[in-house]
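Take a look at the structure set out below.
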Amino acid sequence: EWEKQQKKQNAEVRRKLRKVCLQLAKLDVDIVTIKYDGYGDSGTLEDPAAFRNEKPVILPRRLNNLLLEFAESFLPGGWEINDGACGEFVLNIKDRKFSREYCWRHTEYEHDEEEILL
């Protein structure tokens with residue numbers, strides 16, 4: 001049942017994201033990037049950065065917020081736990097592709113013990 005609900009939610013998010021792509025295309029935006037960083041049971045999403053021919057474009061607040069909502073729904077599970085994960089979303093308007101890059105952090109400890117005779 002949970003998987004069914006997730007599939008339905010993902011389909012709805014993708015439908016809405018396609019509409020946002022149309023709005024971004026009207027603004028001649030080529031690429032939108034959103035960086036994220038999670039750690040210590042919390043995390044942050046940076047504001048989306050939009051570009052037209054590699055030059056920054058200021059997005060209307062409404063579009064900015066919608067993009068953050070979409071990104072949040074596609075974050076990898078557990079991205080904010082312990083060492084967390086960091087990465088970037090890239091929305092390619094022309095190709096209609098939304099990709100997620102992420103790096104998982106892991107703390108590693110190596111224990112060694114030595115006894116020294118006096």
Side-chain angles (χ1 to χ4, degrees):
E1 185 65 31
W2 181 83
E3 287 178 7
K4 195 177 187 181
Q5 183 65 23
Q6 286 298 107
K7 240 181 193 179
K8 185 178 176 183
Q9 284 176 347
N10 283 345
E12 180 65 17
V13 167
R14 288 177 184 177
R15 186 184 64 75
K16 289 179 180 179
L17 191 52
R18 283 191 291 273
K19 286 184 177 182
V20 169
C21 282
L22 293 173
Q23 294 173 37
L24 291 165
K26 287 179 183 176
L27 296 172
D28 291 326
V29 171
D30 306 315
I31 298 282
V32 175
T33 62
I34 304 170
K35 294 182 182 189
Y36 64 92
D37 196 359
Y39 51 87
D41 297 335
S42 66
T44 58
L45 280 165
E46 291 183 11
D47 277 336
F51 301 93
R52 176 189 311 126
N53 298 323
E54 298 181 19
K55 294 187 175 125
V57 175
I58 297 175
L59 296 175
R61 179 54 55 194
R62 182 182 52 79
L63 270 178
N64 189 75
N65 292 341
L66 279 173
L67 287 164
L68 286 173
E69 285 178 34
F70 294 132
E72 192 170 353
S73 69
F74 283 104
L75 285 165
W79 72 283
E80 75 286 9
I81 297 173
N82 297 329
D83 294 342
C86 60
E88 180 177 52
F89 293 102
V90 177
L91 177 58
N92 184 317
I93 308 307
K94 179 182 170 191
D95 296 339
R96 296 292 197 267
K97 290 183 183 175
F98 188 61
S99 61
R100 176 185 71 193
E101 170 191 309
Y102 55 96
C103 300
W104 289 102
R105 294 188 195 100
H106 302 279
T107 300
E108 190 174 304
Y109 294 98
E110 205 171 297
H111 178 78
D112 195 4
E113 191 173 317
E114 183 178 359
E115 190 174 276
I116 302 169
L117 295 174
L118 302 176

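All of these numbers come straight from a predicted model, not from anything done at the bench. Along the sequence shown, residues are numbered consecutively beginning with 1.
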Please answer: with hydrophobic residues joined when any side-chain heavy atoms are less than 4.5 Å apart, are Leu59 and Val20 in the same cluster? yes
Heavy-atom nearest pair, Pro76 first then Tyr102, reads CG-CG, 4.3 Å
Does some side-chain heavy atom of Val13 sit less than 4.5 Å from a side-chain heavy atom of Phe74? yes
Are there over 12 heavy-atom neighbours, none belonging to Glu3, within less than 6.0 Å of that residue's CD? no
Under the side chain to side chain contact (heavy atoms under 4.5 Å, CB included) criterion, do Gln23 and Ile93 qualify, and how do the steps go? CA-CA 10 Å; Gln23 294 173 37; Ile93 308 307; over 6 Å; no
Do Leu63 and Leu45 belong to the same hydrophobic cluster, where Ile, Leu, Val, Met, Phe, Trp and Tyr are linked whenever their side-chain heavy atoms lie under 4.5 Å apart, directly or via other members? yes
For residues Leu75 and Ile34: do they belong to one hydrophobic cluster (side chain heavy atoms under 4.5 Å, members Ile, Leu, Val, Met, Phe, Trp, Tyr)? yes
Between CG of Asp28 and CZ of Arg52, what distance do you get to the nearest 0.5 Å? 5.5 Å
Can you classify the ring geometry of Tyr36 versus Trp79 as parallel (below 30°), tilted (30 to 60°) or perpendicular (above 60°)? perpendicular
Around Glu72, counting heavy atoms of other residues, nucleotides and ligands shown, do more than 12 lie under 6.0 Å from its CD? no
Are any of the side-chain heavy atoms of Leu27 and Pro60 separated by less than 4.5 Å? yes
Give a yes or no on this: more than 12 heavy atoms of other residues, nucleotides or ligands lie within 6.0 Å of atom CG of Leu22. yes
Here the gap from His106 atom NE2 to Asp83 atom CG, rounded to the nearest 0.5 Å, amounts to 8.0 Å
SG (Cys21) and CZ (Arg14) are apart, to the nearest 0.5 Å, by 12.5 Å
With the 4.5 Å side-chain cut-off for hydrophobic clustering, are Phe98 and Leu68 part of the same group? yes
Grouping I, L, V, M, F, W and Y whenever their side-chain heavy atoms are under 4.5 Å apart, do Tyr39 and Phe89 come out in a common cluster? no
Nearest 0.5 Å, please: how far is NZ in Lys8 from CD in Gln5? 6.0 Å
Are Asp47 and Leu67 side-chain neighbours, meaning at least one heavy-atom pair lies under 4.5 Å? no
Considering only NZ, NE, NH1 and NH2 on the basic side and carboxylate oxygens on the acidic side, decide whether Asp37 and Arg105 come within less than 4.0 Å. yes
Locate the shortest heavy-atom distance separating Trp104 from Ala85; write the atom from each residue and the value. CE3-CB, 3.6 Å
Should we say atom CG of Asn82 is surrounded by more than 12 heavy atoms from elsewhere, each under 6.0 Å from it? no
Is it true that a side-chain atom of Asn92 and a backbone atom of Lys97 form a donor plus acceptor pair closer than 3.5 Å? no
State plainly whether the residues Arg15 and Glu12 are in salt-bridge range, i.e. N to O under 4.0 Å. yes
Could you tell me if the side chain of Val32 sits less than 4.5 Å from the side chain of Val90, heavy atoms only? no
